Each structure stands twice: as C-alpha cells, then as structure tokens.
Peer 1: 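Would you mind keeping the following structure in view while I ask a few things?
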Amino acid sequence: MADFFKDLVYSKEDIIAFPSGLPGFEKNKTFVLVQIPEYLPFEWLVCVDGSRLRFAIVNPLTFRTDYTPAMTKGHLEDLAIEKPEDILLYSIVTIAENPMDSTANLLGPVIINKTKRLGKQIIFDDDRYSTQEPILRSR
Amino acid sequence: MLVLTRKLGESIRIGDDIVVKVVELDSRHVKLGIEAPRSVSVNRQEIYERIQNENKAASESKDQNLKNVADAFRKNKTR
C-alpha cells in the first residue's frame, strides 16, 4: 500500500482542501480520494502534502442504511454546499487485525463538497452514534 | 490559562464575535450559552478528544488488512 500511494498520480483538480485539517491532524489540509476496485466499497482519503497520512473511508450508508447525521444549515454553509448532489459522505474506518472487528466513525463523519473540492470532519454530539461502529458484525 | 470570575447571567467575550454566558448554576454544574459564528465549531472537549483519538487510531491501523475487510463485506452482503 505504501508504495502504491507514493506513486499516486493525480491532478490539481482532484485535490480536496480541508481548511482546518482533521482533529488530531490540523496541519494536514490537502487530500485526494483514491478508489481501488478490489477495495470497494472502501476508499482512501490520502494526504498529498508529503506526509504519509491516509485514512480508509467508507460511505456509512452502505452498512447503516438508517444513518442520519444531524447536518445543520451552518455545516452546509461551511462547505459551500448548494445542492444535495454536491455532498460526499464518508466515515473514517479503523481497520482491525480481524476484519470482522473493523469499525467506522459515525460520530465524526467526513463531509466533502465534491464540486468545490472542500472537506471537513464534522463532530456530532449525538448519543445514537459512536466513533467505533462495527461495520461487519450483525447488529 | 486565563481565569475570570463570572456571576450567573454574566458573559465573557472572545474576540469580536464569540460570547460565552453563564446561564445556569448549581453546586455541581454550570450551564453555558455560547454565541459564535456558524463557522466556529463548538464541542464538548471529551467528544472532540474522542474524535481525535479515533482519527489517530485509524491513521495507524493496518491498511493491508482492508482488502480482507472488503472481501468480508462483500460476502456479508450476498449472504
């Protein structure tokens, strides 16, 4: 994997700006989305500032069809979202040794405006969701 | 750390557009009202830390295992 991302080819238009980084990674502000067929529905959010930072991500609706994060008008404005089609919704995945134990962060989803190439991790104060929701274990 | 004493109903102002007001008090809890621009995210510290810690754990998790997770996911779906 490491080598794969080292030689990653992308264009300027692919870059998604995270103006405030992500909590814990406030200095990492530029990322690209990478899809590799055999990993789908999982994708990668790869930092392109020279660091080796990357996150496995997944659209949480693929395993939690009832997921409804409480987005506010402020969140949408923050990301300059004008229409629902602008939005990409992801959860960051923590990959476990045993694949069945892997989890996704539903408390802090990553929202991307794919038109404006702008992203942010939004923190919800919502006890319906946790930072470690099982992806594979049946609920 | 700057420490200020405030009474019930009093506020402090941070910069030009953030106001924190003491709304309710009892012996163990303080209820704070916060006025801030929408672009400023306001979170309880422990929630912010939970996200921070999970991001760190995720960034250090073994990405070569994701292939197995993807395979298991697809098997799960078709079952």
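Below, chain A is the first sequence line, B the second, and so on; all start at residue 1. Computed from a predicted structure; not experimentally measured. Worth knowing before you read on, the calculation uses all heavy atoms, side chains too, and leaves out hydrogens, waters and symmetry mates.
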Peer 1: Between A:Leu106 and A:Ile135, is there a shared hydrophobic cluster once you connect ILVMFWY residues whose side-chain heavy atoms come closer than 4.5 Å?
Peer 2: yes
Peer 1: To the nearest 0.5 Å, what is the distance between CG (B:Leu66) and OG (A:Ser102)?
Peer 2: 7.5 Å
Peer 1: With chain B as the partner chain, list the residues of residues 16-30 of chain A whose heavy atoms fall under 4.5 Å from it, by residue number, and write 'none' if nothing qualifies.
Peer 2: A:Leu22, A:Pro23, A:Gly24, A:Phe25, A:Glu26
Peer 1: For a side chain to side chain contact (heavy atoms under 4.5 Å, CB included) with B:Arg50, tell me which candidate from A:Asn105, A:Leu107, A:Ile123 qualifies.
Peer 2: A:Leu107
Peer 1: Report, by ascending residue number, the residues of residues 67-79 of chain A in heavy-atom contact with chain B at a distance under 4.5 Å; give 'none' if the set is empty.
Peer 2: A:Lys73, A:Gly74, A:Glu77, A:Asp78
Peer 1: Membership question, hydrophobic clusters at under 4.5 Å side-chain separation (ILVMFWY): are B:Leu2 and B:Leu32 in the same one?
Peer 2: yes
Peer 1: Quick one: what part of A:Gln121 sits under 4.5 Å from any heavy atom of chain B, side chain, backbone, both or neither?
Peer 2: side chain
Peer 1: Test of understanding: clusters of I, L, V, M, F, W, Y form through side-chain heavy atoms closer than 4.5 Å, transitively. Do A:Leu45 and A:Val48 belong to the same one?
Peer 2: no
Peer 1: Take a 6.0 Å sphere around CG of B:Asp26 and say whether it holds more than 12 heavy atoms from other residues, nucleotides or ligands.
Peer 2: yes
Peer 1: What are the two closest heavy atoms between A:Phe55 and B:Ser59, and how far apart are they?
Peer 2: CE2-CB, 3.7 Å
Peer 1: Please say whether more than 12 non-hydrogen atoms of neighbouring residues, nucleotides or ligands are located less than 6.0 Å from NZ in B:Lys31.
Peer 2: no
Peer 1: Evaluate side chain to side chain contact (heavy atoms under 4.5 Å, CB included) for A:Val58 paired with B:Phe73, printing each intermediate quantity in order.
Peer 2: CA-CA 11 Å; A:Val58 67; B:Phe73 186 90; 5.7 Å; no
Peer 1: Return the option, out of A:Thr103, A:Asp125, A:Ile92, with the maximum number of heavy-atom pairs under 4.5 Å with chain B.
Peer 2: A:Asp125
Peer 1: Please say yes or no: joined through hydrophobic side-chain contacts below 4.5 Å, possibly via intermediate residues, are A:Ile112 and A:Val46 part of one cluster?
Peer 2: no
Peer 1: With rounding to the nearest 0.5 Å, note down the distance linking CD in B:Glu54 to OG in A:Ser91.
Peer 2: 10.5 Å
Peer 1: Grab the two heavy atoms, one from A:Glu38 and one from B:Arg74, that are nearest each other, plus how far apart they are.
Peer 2: O-NH2, 2.8 Å
Peer 1: Of the backbone (N, CA, C, O) and the side chain (C-beta and beyond), which part of A:Ile95 lies under 4.5 Å from a heavy atom of chain B, both, or neither?
Peer 2: both
Peer 1: Write down the atom of B:Val69, the atom of A:Phe42, and the distance for their closest heavy-atom approach.
Peer 2: CG1-CZ, 3.6 Å
Peer 1: Taking B:Ser61 for its side chain and A:Thr94 for its backbone only, find out whether a donor-acceptor pair lies under 3.5 Å.
Peer 2: no
Peer 1: For B:Asn65, is it the side chain, the backbone, both or neither that has a heavy atom under 4.5 Å from a heavy atom of chain A?
Peer 2: both
Peer 1: Check the hydrophobic clustering (I, L, V, M, F, W, Y; side-chain heavy atoms under 4.5 Å; chains of links allowed) and say if B:Val42 and B:Val20 are grouped together.
Peer 2: yes
Peer 1: Between A:Thr131 and chain B, with a heavy-atom cut-off of 4.5 Å, which part of the residue counts as in contact: side chain, backbone, both or neither?
Peer 2: both
Peer 1: Of the listed residues (A:Thr62, A:Asn98, A:Leu53), which shares the most heavy-atom pairs with chain B below a 4.5 Å separation?
Peer 2: A:Thr62
